[in-house]
Amino acid sequence: MGTSSSPALFEGTLYVGNDGLKDIFFYAFRTDGTVRWRFPVPKQIFSSPAVKDGVVFFHVRDDHIYALNTQDGELVWKHDGTAPILVAPTLTGDAGTLLVTNVDDLAVALDADTGELVWQYHAKRDPTRHAELTLFAAPK
């Protein structure tokens, strides 16, 4: 299993995705190395996960943000990011909102419980690269 992302450790479980070309999964490992559960995804996972109150969030190269239940790996919600998302999602201080950016200079805030869009901002393309905002990552 190859991985390009950093894992997240939360309450004794290590969460990480693999970036192989086939048999791609998002994993939950116990600290002794045994697999608690795994969730199949259609494409590679390059971003690190974020964890909040029994839910783990991560991006997949199919341009979606996934939210899984940390206990059993069941899908809670999935949101279409419309373009590749290469960085980890960021939870706000109150952990009610998930901040996400994609490679098309789009920043979105999603309700962490439902995956519903709270707001979005799309920076205008500027071929000179002097735009008011060029997005590639969401700060922690």
Side-chain angles (χ1 to χ4, degrees):
M1 175 181 88
T3 184
S4 301
S5 65
S6 297
L9 180 63
F10 187 77
E11 296 181 348
T13 301
L14 190 67
Y15 299 97
V16 67
N18 71 329
D19 59 6
L21 297 176
K22 62 178 189 162
D23 299 326
I24 305 167
F25 295 94
F26 185 82
Y27 291 90
F29 290 103
R30 293 178 186 87
T31 53
D32 68 3
T34 59
V35 176
R36 284 187 61 207
W37 52 260
R38 66 184 190 171
F39 181 85
V41 293
K43 292 196 175 188
Q44 297 89 355
I45 301 166
F46 291 134
S47 75
S48 300
V51 186
K52 170 223 176 244
D53 296 336
V55 179
V56 60
F57 307 93
F58 60 96
H59 304 141
V60 174
R61 290 287 300 201
D62 69 349
D63 303 341
H64 286 83
I65 300 112
Y66 289 76
L68 303 181
N69 182 302
T70 59
Q71 294 303 309
D72 56 17
E74 292 295 317
L75 182 67
V76 175
W77 55 259
K78 180 170 84 167
H79 179 84
D80 185 354
T82 69
I85 302 164
L86 304 177
V87 296
T90 301
L91 289 161
T92 59
D94 64 1
T97 305
L98 189 71
L99 303 175
V100 179
T101 60
N102 70 20
V103 298
D104 282 344
D105 293 332
L106 178 68
V108 298
L110 303 174
D111 182 291
D113 294 326
T114 65
E116 294 295 317
L117 182 68
V118 175
W119 58 259
Q120 70 178 15
Y121 176 79
H122 192 232
K124 292 185 175 121
R125 290 275 184 197
D126 181 357
T128 66
R129 297 209 177 260
H130 296 287
E132 68 175 85
L133 178 66
T134 299
L135 300 172
F136 195 68
K140 292 267 181 213

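It should be emphasised that the depicted structure is a prediction, and the values quoted were computed from it without experimental measurement. Quick note: residue numbers are just sequence positions, from 1.
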Interatomic distance, [X] atom [atom1] to [Y] atom [atom2] [nearest 0.5 angstrom]:
| X | Y | atom1 | atom2 | result |
| --- | --- | --- | --- | --- |
| Leu14 | Thr31 | CG | OG1 | 9.0 Å |
| Arg61 | Gln44 | CZ | CD | 7.0 Å |
| Asp72 | Phe39 | CG | CZ | 11.0 Å |
| Tyr15 | Tyr27 | OH | OH | 15.5 Å |
| Asp23 | Arg38 | CG | CZ | 7.5 Å |

Is the shortest side-chain heavy-atom distance between Thr13 and Thr70 below 4.5 Å?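 Thr13 does not reach Thr70 side chain to side chain.
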Within the 4.5 Å heavy-atom criterion, are Leu75 and Leu68 side-chain neighbours or not?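 The answer is yes; the side chains approach within 4.5 Å.
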Over all atoms of both residues, closest heavy-atom pair of [X] and [Y]:
| X | Y | result |
| --- | --- | --- |
| Arg30 | Arg36 | CG-CG, 3.3 Å |
| Ala112 | Lys52 | CB-CD, 4.2 Å |
| Leu91 | Ala50 | CD1-CB, 4.1 Å |
| Leu117 | Trp119 | CD1-O, 3.3 Å |
| Pro7 | Val16 | CB-CB, 3.9 Å |
| Pro89 | Val100 | CB-CG2, 4.4 Å |

Worked verdict on Asp111 versus Thr97 for side chain to side chain contact (heavy atoms under 4.5 Å, CB included): CA-CA 5 Å; Asp111 182 291; Thr97 305; over 6 Å; no
Asp62 side chain to Lys43 main-chain N or O, any donor-acceptor pair under 3.5 Å?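 Judged by distance alone, no pair lies under 3.5 Å.
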Mind telling me whether Trp77 and His79 have parallel, tilted or perpendicular rings, with 30° and 60° as the class edges?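 Judged by the thresholds at 30° and 60°, the geometry between His79 and Trp77 is perpendicular.
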For Phe26 together with Phe58, are the ring centres under 6.0 Å from each other?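 Here the rings of Phe26 and Phe58 have centres that are less than 6.0 Å from each other.
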